[in-house]
Amino acid sequence: MDGAAVGLARERFPRGLSQPPHGFRFSLDALLLAAFAGRERVRGRVLDLGTGCGVVGLGLALDHPDFFGVGLDVNPGMLTHARENARRLGLADRFAFLAGDVRRPACLAPESADLVLCNPPYRDPSSGRVCPDAFKTMARFEAGASLADFVRAAAWAVRNRKHCAFIHLAERADELLHLLRQARLQPKEILFVHPTLHSPARLALVRALKNGGPGLTVAAPLILHEGEGESSRLTAGALAFCHRLACNAGGGEGGAQGKKNPA
């Protein structure tokens, strides 16, 4: 693509991304994870487990020019979209998108990543209606790889004393923290995401350090919305945390929608 087209794609991101027209589509949790992982300078090699259409890694790359990204996904169709999105954004030379299953992490070189990103499926298959499409089901439910599988793959791939960043349901935060510790990924920070000031947390962002010492920081909560009904809007704090949340979060072509976002 020419420079003008790349510049426009970057300006519009995440709008205009290549995604399946009637299936798995990224949601605001992907943008939140990229912002959470990108609060400090990112360099080296970054692995995105369950990359989907690539939005987490690509969003991080737009703000951090000094890393090479690897996206792993079991769905070859999603990898086609991820490669196309990297091309549109002028980032194809900074990414490799690989077909692989996190349940068999030997497809990845051990301790090869300086940062691992993970936005795994949130739900147990028994907790909701399973989709007829197997890949849609795997994106939303732990029908294939479980949360424990994603944690083990992250622990396999991340270098010693380097970080992993996860996003998951707040109601499963205790399970995530337990699994991380079992895998020698010491939780160092947790940030709860609330839809509104007076609502319970729906999401949890967790940063863990491989072979880190004890000590967990509970960050100030992130409140996404204020106001009610038609006057509801993103808070200044949410936009300061991730300015890309201002994209057409309610939907529209190529925007953040659907998938599994509970916030």
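For the single chain, residues carry numbers from 1 onward in sequence order.
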For this session: Could you give me the CA-CA distance, side-chain angles and deciding distance for Leu91 and Arg10, then say whether side chain to side chain contact (heavy atoms under 4.5 Å, CB included) is met?
Result: CA-CA 10 Å; Leu91 297 171; Arg10 292 184 177 192; 3.6 Å; yes

Exercise. Could you walk me through whether Arg207 and Phe166 pass the side chain to side chain contact (heavy atoms under 4.5 Å, CB included) check?
Worked result: CA-CA 7 Å; Arg207 177 175 57 87; Phe166 280 75; over 6 Å; no

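- A heavy-atom distance below 4.5 Å is not found between the side chains of Leu47 and Val158.
- For the pair Arg94 and Phe67, the cation sits on the ring face: its NZ or CZ lies under 6.0 Å from the ring centre, inside 45° of the axis.
- Between Val206 and Leu177, some side-chain heavy-atom pair lies under the 4.5 Å cut-off.
- Cluster membership for Leu245 and Ile167, using ILVMFWY side-chain heavy atoms within less than 4.5 angstrom, is shared.
- In this structure, the side chains of Leu72 and Cys107 come closer than 4.5 Å at one or more pairs of heavy atoms.
- Under the rule for a side-chain hydrogen bond (donor to acceptor under 3.5 Å, both in side chains), the partners of Ser199 that lie at least two apart in sequence or sit in another chain are Thr196.
- In terms of modelled atom types and a separation under 3.5 Å, the side chain of Arg88 and the main chain of Val6 share no donor-acceptor contact.
- Paired with Leu32 under the rule side-chain contact (heavy atoms from CB on, under 4.5 Å), one option of Leu222, Asn119, Leu191 passes, and it is Leu222.
- Two residues are said to be in side-chain contact when any heavy atoms from C-beta on lie closer than 4.5 Å; Glu189 and Phe36 meet this criterion.
- Not one N or O on the side chain of Asp66 forms a donor-acceptor pair closer than 3.5 Å with the backbone of Arg43.
- For CZ of Arg181, the number of neighbouring non-hydrogen atoms (other residues, nucleotides, ligands) closer than 6.0 Å is greater than 12.
- Counting heavy atoms from C-beta outward, Val42 and Leu115 have side chains that approach closer than 4.5 Å.
- Under the side-chain hydrogen bond (donor to acceptor under 3.5 Å, both in side chains) criterion, Glu111 pairs with Lys210, sequence neighbours left out.
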Exercise. Does the side chain to side chain contact (heavy atoms under 4.5 Å, CB included) test come out yes or no for Phe95 and Asp48, once each step is laid out?
Worked result: CA-CA 11 Å; Phe95 277 86; Asp48 182 14; over 6 Å; no

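- In this structure, the salt bridge (charged side-chain N to carboxylate O under 4.0 Å, His left out) partners of Arg152, at least two apart in sequence or on a different chain, are Asp149.
- A salt bridge is absent between Asp114 and Arg161: the closest approach of a Lys/Arg side-chain nitrogen to an acidic carboxylate oxygen does not fall below 4.0 angstrom.
- Judged by distance alone, with hydrogens and angles left aside, the side-chain atoms of Arg159 form a donor-acceptor pair with the main-chain N or O of Ser112 at under 3.5 Å.
- Checked by atom type and distance alone, the side chain of Asn211 never pairs as donor or acceptor with a backbone atom of Asn160 at under 3.5 Å.
- With Arg104 contributing its side chain and Val102 its backbone, the two residues share no donor-acceptor pair below 3.5 Å.
- Side-chain contact between Met78 and Pro20 is present, with at least one heavy-atom pair separated by less than 4.5 Å.
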For this session: Starting from the C-alpha separation in whole Å, work towards a yes-or-no answer on side chain to side chain contact (heavy atoms under 4.5 Å, CB included) for Arg202 and His194.
Result: CA-CA 6 Å; Arg202 296 289 182 85; His194 299 247; over 6 Å; no

